[in-house]
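Atoms within each ligand, like the ligands themselves, are counted from 1 in listed order.
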Amino acid sequence: MADKKVIAVVGATGLQGGGLVGAILSDKSSGFAPRAITRKVNSEKALSLAKLGIEVVAADLDNPESLKKAFAGAYGAFCVTNFWEHFLPEKELAQATAMAQAAKHADLKHVVWSTLEDTRKWVPLSDNRMPTLMGKYKVPHFDSKGEADPVFTKLGVPTTFLLTSFYWDNFIYFGVGPKKGPDGELAITFPMGNKKLPGIAAEDIGKCSYGIFKKDRDYIGKTVGIAGEHLTGAQMAVAFSKTLEQEVRYNDVPPEVYRGFGFPGAEDLGNMFQFKRDFNDVFCGARNLDITRALNPSLQTFDRWLAQNKGRIPLE
Ligand SMILES: NC(=O)c1ccc[n+]([C@@H]2O[C@H](COP(=O)([O-])OP(=O)(O)OC[C@H]3O[C@@H](n4cnc5c(N)ncnc54)[C@H](OP(=O)(O)O)[C@@H]3O)[C@@H](O)[C@H]2O)c1
């Protein structure tokens, strides 16, 4: 253990970071050891990590000094923020900045920053095809992550910028699973037209991150996009129908209708899907399936993920 390179894993109790911890642990010959970073060292999840012999360290992204201590002595760090806990892009940028500064302070050799595109590079605020949100964003939870990228670069932190994809786990946790319409038929609803949505099993994000740490020299300073498959709404509906053994339709709605659904974050997500639809070549092109599979040879397809998770998907 002592000679292993320590990776401080932010979000170790969550989906992305948890996937990385699992990937390191399942490789018995790994040269890395995870250090789980959490605000709540006594939570059920944190205690279960500690039980596995993992070092669990308390830190809060809103407390830069705690992060500096948590990163000290580590070789690298996996950095992720959770926008959906507060819905505040400025807070997300501040948290990412605190991680970059702590990484610099600890002289880390490799950081994987889980980021997304700053969509304003393609859709400037003056572009009225989608509304500007919160005064200066098009897709707040994307834009603030992308805005943080240069912070890592300017501080000289050796960073891999990891562009993630829509988790298929959203069908379990995020309320986007098949729902019964007025006709009683199940449907999934996205404003994607016939364009492809890059998707991935959340745990594969962690496995890919592990692949990046293993090949660090190849990836430092690079942006890497990952996805398990690029599928249209219609293709996902076919996969659902086959696996659930009942008809699931794809309900394509205009982005403005999606933005008006009224749930928290509906406008942000409506703009996000519209960005993915209207810049589909750019968005899919940034998430190469062969590179993803090279990083993580056990990469799941949507069919395989569905077969393993069908019992966990609420059908409302
Ligand atoms: N859903 C999708 O399709 C999708 C796709 C791409 C990217 N994303 C992005 O993924 C991010 C969420 O990642 P996830 O799904 O892995 O999260 P998650 O499963 O919801 O877990 C959140 C993790 O973040 C940690 N955390 C949150 N605030 C923290 C703070 N102030 N200090 C320290 N740790 C903190 C939590 O740790 P403790 O509670 O233990 O402290 C927990 O481990 C979001 O920013 C989202 O935009 C989502």
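The shortest heavy-atom distance from K45 to ligand 1 is not under 4.0 Å. For the ligand labelled ligand 1, residue A202 lies outside the 4.0 Å heavy-atom shell. Not close to ligand 1: F174, with no non-hydrogen atom less than 4.0 angstrom away.
In this structure, the side-chain hydrogen bond (donor to acceptor under 3.5 Å, both in side chains) partners of R39, at least two apart in sequence or on a different chain, are E85. Residues forming a ring pair (Phe, Tyr, Trp, His ring centres under 6.0 Å) with F152 (at least two apart in sequence, or on another chain): W113.
Residues R249 and D183 are paired through a salt bridge, judged by an N-O separation under 4.0 Å between the basic side chain and the carboxylate. In summary, D107 and K109 engage in a salt bridge, as defined by a charged side-chain N under 4.0 Å from a carboxylate O. The existence of a salt bridge linking E229 and K196 is excluded, since no basic side-chain nitrogen approaches an acidic carboxylate oxygen closer than 4.0 Å. With respect to E92 and K145, a salt bridge is recorded, a charged nitrogen being found less than 4.0 Å from a carboxylate O. Salt-bridge check for K121 with D118: failed, with every basic side-chain N at 4.0 Å or more from each acidic carboxylate O. Residues K242 and D303 are paired through a salt bridge, judged by an N-O separation under 4.0 Å between the basic side chain and the carboxylate.
Between L61 and ligand 1, a contact under 3.5 Å exists for at least one N or O pair. Of the N or O atoms in L15, one or more lie within a sub-3.5 Å distance of an N or O in ligand 1. The distance criterion of under 3.5 Å between nitrogen or oxygen atoms is met by D60 with respect to ligand 1. Ligand 1 has no nitrogen or oxygen under 3.5 angstrom from a nitrogen or oxygen of T164.
In the vicinity of K145, heavy-atom distances shorter than 4.0 Å reach the ligand 1 atoms 44 (C), 45 (O), 46 (C), 47 (O). Distances below 4.0 Å separate heavy atoms of Q16 from the following atoms of ligand 1: 7 (C), 8 (N), 9 (C), 10 (O), 13 (O), 16 (O). Taking a cut-off of under 4.0 Å to the non-hydrogen atoms of T81, the atoms of ligand 1 that pass are 11 (C), 12 (C), 44 (C), 45 (O). With ligand atoms numbered from 1 in the order given, ligand 1 contributes 3 (O) to contacts under 4.0 Å with heavy atoms of F166. Atoms of ligand 1 lying under 4.0 Å from at least one heavy atom of Q95, given by number and element, are 31 (N). When each atom of ligand 1 is checked for a heavy atom of T38 under 4.0 Å away, the hits are 38 (P), 40 (O), 41 (O). Ligand 1 places these atoms under 4.0 Å from at least one heavy atom of E92: 45 (O). With ligand atoms numbered from 1 in the order given, ligand 1 contributes 27 (C), 28 (N) to contacts under 4.0 Å with heavy atoms of E85.
Considering only non-hydrogen protein atoms, atom 1 (N) of ligand 1 sits nearest to N170 OD1, 2.9 Å. For atom 39 (O) of ligand 1, the closest non-hydrogen atom of the protein is R39 NH2, 2.8 Å. In terms of protein heavy-atom proximity, atom 25 (C) of ligand 1 is closest to G11 CA, 4.0 Å.
Within the set F83, W84, Y167, F142, the minimum heavy-atom distance to atom 4 (C) of ligand 1 is found for Y167. Nearest residue to atom 21 (O) of ligand 1 from G19, G18, G14 is G14 (criterion: closest heavy atom). With S114, G265, S165 as candidates, the residue nearest to atom 5 (C) of ligand 1 on a non-hydrogen basis is S165. Between L20, T13, N82, I205, it is N82 that holds the heavy atom closest to atom 22 (C) of ligand 1.
Between F240 and F171, the angle of the ring planes goes over 60°, which puts this pair in the perpendicular group of the 30/60° scheme. Between W84 and H141, the two ring planes are tilted [angle within 30° to 60°].
In this structure, R287 satisfies the cation-pi test against F283, with its NZ or CZ atom closer than 6.0 Å to the six-membered ring centre and inside 45 degrees of the ring normal.
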Verdict with reasoning, R312 to Y173, per side chain to side chain donor-acceptor pair (under 3.5 Å) | CA-CA 9 Å; R312 303 171 66 210; Y173 304 116; 2.6 Å; yes
Using the side chain to side chain donor-acceptor pair (under 3.5 Å) rule, take K138 and T132 through it: C-alpha gap first, then chi angles, then the decisive distance, then the call.
-> CA-CA 5 Å; K138 286 299 186 183; T132 294; 3.0 Å; yes
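Taking the centre of each ring, F174 and F166 stay at or above the 6.0 Å mark.
Only the backbone of A59 comes within contact range of ligand 1, with a heavy atom under 4.0 Å; no side-chain atom does.
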